[in-house]
Amino acid sequence: AQSVAQPEDQVNVAEGNPLTVKCTYSVSGNPYLFWYVQYPNRGLQFLLKYITGDNLVKGSYGFEAEFNKSQTSFHLKKPSALVSDSALYFCAVRYFSGGYNKLIFGAGTRLAVHP
Amino acid sequence: DVKVTQSSRYLVKRTGEKVFLECVQDMDHENMFWYRQDPGLGLRLIYFSYDVKMKEKGDIPEGYSVSREKKERFSLILESASTNQTSMYLCASNPSGTYGYTFGSGTRLTVV
């Protein structure tokens, strides 16, 4: 069965330090992977995606993610965290079912960046 | 920028009421989706549509139905609202052949 796991409910980081938000997945075939961010009382905003090619993907707001096929992981990273990065982050994977492509989301990880 | 607009930001409805959640997108996207978001569960797909008058069940369709009479509008219907349908509802759209979704700001529904 297709699934996405975000093992941490919350990640706490000091401003200026590097951050990592973890994601692992299980999907048949080649994975199409995504990260979205949700700020309070807002919808989800697209951050970045991995479809094929270079395992290190760069996205919006200085975020990047590393695809690791052997570990089935797609961790989100940023070299220097900002207080404004505090938000809820969702990892997602596209899968094919019933003749259609769908996205399945992880449970979300709340990132708290402290001054 | 593509806009996905959900007509209500907050709704409070009574148990047993019929509830309509509306979603409109302005960029001629073929695909539209309804998710519900609950703490610790992430987003779960309720229904989706790949064309006008077309609908497909997602992972949790029970208690819901949808309508897509026009390409830009995708409505989620709670036939008889129940307290376990209290949640944040998110609409999304994307063009066929692409991968990223554009989400609306969400409707927080409370059923009392």
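Below, read A as the first sequence line, B as the second, and so on, with proteins coming before strands; counting in each chain starts at 1.
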For this session: Tell me, for Tyr101(B) versus chain A, whether the close heavy atoms (under 4.5 Å) come from the side chain, the backbone, both or neither.
Result: both
Problem set entry | Considering all heavy atoms, the nearest Ala107(A)-Gly40(B) contact | CB-O, 3.4 Å
Exercise. Considering residues, nucleotides and ligands other than Asn84(B), do more than 12 of their heavy atoms fall under 6.0 Å from its CG?
Worked result: yes
Problem set entry | Close contacts, residues 51-66 of chain B versus chain A, judged by heavy atoms under 4.5 Å | Met54(B), Glu56(B), Lys57(B), Asp59(B)
Exercise. Transitively linked via ILVMFWY side-chain contacts under 4.5 Å: Val111(B) with Val19(B)?
Worked result: yes
Exercise. So which part of Ile104(A) gets closer than 4.5 Å to some heavy atom of chain B, the side chain, the backbone, both or neither?
Worked result: neither
Exercise. Is there side-chain contact between Phe46(A) and Thr102(B), with at least one heavy-atom pair below 4.5 Å?
Worked result: no
Seminar exercise, completed: When rounded to the nearest 0.5 Å, the distance separating CZ of Phe103(B) from CD of Gln38(A) is 9.0 Å
For this session: Answer with yes or no after comparing the ring centroid distance for Phe105(A) and Tyr35(B) against a 6.0 Å cut-off, counting only values under it.
Result: yes
Exercise. What about Trp35(A) and Tyr61(A), same hydrophobic cluster or not, with Ile/Leu/Val/Met/Phe/Trp/Tyr joined at side-chain heavy-atom distances under 4.5 Å?
Worked result: yes
Exercise. Using non-hydrogen atoms only, which part of Leu43(B) is less than 4.5 Å away from chain A: side chain, backbone, both, or neither?
Worked result: both
For this session: Go through the steps for Phe48(B) and Lys102(A) under the test side-chain contact (heavy atoms from CB on, under 4.5 Å), then give the verdict.
Result: CA-CA 9 Å; Phe48(B) 61 100; Lys102(A) 304 173 190 175; 3.6 Å; yes
For this session: Below 4.5 Å from any heavy atom of chain A, which atoms of Arg108(B) appear? Answer side chain, backbone, both or neither.
Result: neither
Exercise. Should Phe90(A) and Val27(A) be regarded as members of a common hydrophobic cluster, given that ILVMFWY residues are connected when their side-chain heavy atoms come within less than 4.5 Å of each other, either directly or indirectly?
Worked result: no
Exercise. Going only through I, L, V, M, F, W and Y residues with side-chain contacts under 4.5 Å, is there a path from Tyr95(A) to Phe33(B)?
Worked result: no
Exercise. Does CZ belonging to Arg44(B) count more than 12 external heavy atoms closer than 6.0 Å?
Worked result: yes
For this session: Please flag which part of Tyr10(B) lies under 4.5 Å from any non-hydrogen atom of chain A: side chain, backbone, both or neither.
Result: side chain
Problem set entry | Over 12 non-hydrogen atoms of neighbours within 6.0 angstrom of CZ in Arg9(B) | yes
Seminar exercise, completed: Looking only at Asn101(A), Val4(A), Asp9(A), the option with the highest number of non-hydrogen pairs under 4.5 Å against chain B is Asn101(A)
For this session: Determine, using the 4.5 Å side-chain heavy-atom cutoff (strictly less than), whether Phe67(A) and Tyr32(A) are members of one ILVMFWY cluster.
Result: no
